[in-house]
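These notes are about the structure you will find just below.
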Amino acid sequence: MILDTETFFNSGLPTSTDMSGQEVIFAIKTVEQYYVKPRLGAELYADIVDNTDNYTEAINGSNTIAGLKTAIEHLVYAYLLWDRTRLTRYTTVVKNDEHSTEPNSADLFQICKAHWEIGEAFIQEVCKFLQAPEPEYPLPNLIFGELMLGL
């Protein structure tokens with residue numbers, strides 16, 4: 001993986017550290033495998049993961065490029081915000097405690113969409129920077145049959 005949980009938790013995005021690390025790892029793997037890898041190409045993605053020292057600027061960013069970590073942080077944040085239900089033995093629930101209030105769906109939708117679009121723009125920037133090959137197949141742009149940008 002390009003991003004790790006500690007980097008995600010320390011990114012500055014408003015995320016509680018009491019969230020399960022396993023849940024964050026799953027979100028990172030999902031975003032990287034479903035969205036990032038097809039855009040970079042499988043070979044380039046594997047090379048970046050295996051040889052991070054060769055891609056320092058592309059991964060960490062600079063004054064001219066946001067970098068893969070920042071892009072993936074935004075995408076993972078949007079993914080985790082939107083995928084907030086919990087499967088329990090009895091039913092699906094949205095977890096709240098007595099001190100929490102849930103934002104309305106329209107506001108949450110706008111926040112998710114903004115972070116997804118930022119991440120997507122940064123991924124496109126990195127692909128251009130790395131001269132990633134044009135995919136020879138349609139990219140995965142759907143979530144549950146809906147365009148990603150229409151989250």
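Residue numbers count from 1 along this sequence.
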Checklist entry - Are any non-hydrogen side-chain atoms of F122 and V126 less than 4.5 angstrom apart? => result no
Checklist outcome for this item: Partner of N51 under side chain to side chain contact (heavy atoms under 4.5 Å, CB included), picked from V49, D53, D47, is D47
Checklist entry - Is the count of non-hydrogen atoms from other residues, nucleotides or ligands lying under 6.0 Å from E43 atom CD greater than 12? => result no
Checklist entry - Is there side-chain contact between F8 and L13, with at least one heavy-atom pair below 4.5 Å? => result yes
Next on the checklist: Quick one, T30 with F26, criterion side chain to side chain contact (heavy atoms under 4.5 Å, CB included). Give me CA distance, side-chain angles, the key distance, then yes/no.
Outcome noted: CA-CA 6 Å; T30 300; F26 183 81; 3.6 Å; yes
Next on the checklist: Quick test of your reading: applying side-chain hydrogen bond (donor to acceptor under 3.5 Å, both in side chains), list the pairs with at least one residue in residues 5-15, sequence neighbours left out, ordered by first then second residue.
Outcome noted: D4-T7
Item to check | Atom pair CD/CG of E125 and L130 - distance to nearest 0.5 Å | outcome: 10.5 Å
Checklist entry - Mind checking what makes side chain to side chain contact (heavy atoms under 4.5 Å, CB included) contact with T52, not counting sequence neighbours? => result I59
Item to check | L80 versus A27, closest heavy-atom pair with distance | outcome: CD2-CB, 3.6 Å
Checklist entry - Can you find a pair of side-chain heavy atoms, one from Y35 and one from W116, that are under 4.5 Å apart? => result yes
Checklist entry - What distance do L3 atom CG and I25 atom CD1 have between them, rounded to the nearest 0.5 Å? => result 10.5 Å
Item to check | Passing candidate, side chain to side chain donor-acceptor pair (under 3.5 Å) with Y45, options R39, E32, K37 | outcome: E32
Item to check | Value rounded to 0.5 Å, distance of CD1 in I118 from CD in E120 | outcome: 11.5 Å
Item to check | F9 to S16 - nearest heavy-atom pair and separation | outcome: CE2-O, 3.5 Å
Under 3.5 Å, which donor-acceptor pairs do the side chains of residues 65-78 form with other protein atoms, sequence neighbours left out?
residue: K69; atom: NZ; partner: N60; partner atom: OD1; Å: 3.4
residue: T70; atom: OG1; partner: A66; partner atom: O; Å: 3.4
residue: H74; atom: ND1; partner: H115; partner atom: ND1; Å: 2.8

Checklist outcome for this item: To the nearest 0.5 Å, atom CD1 of I111 lies from atom CG of L81 at 6.5 Å
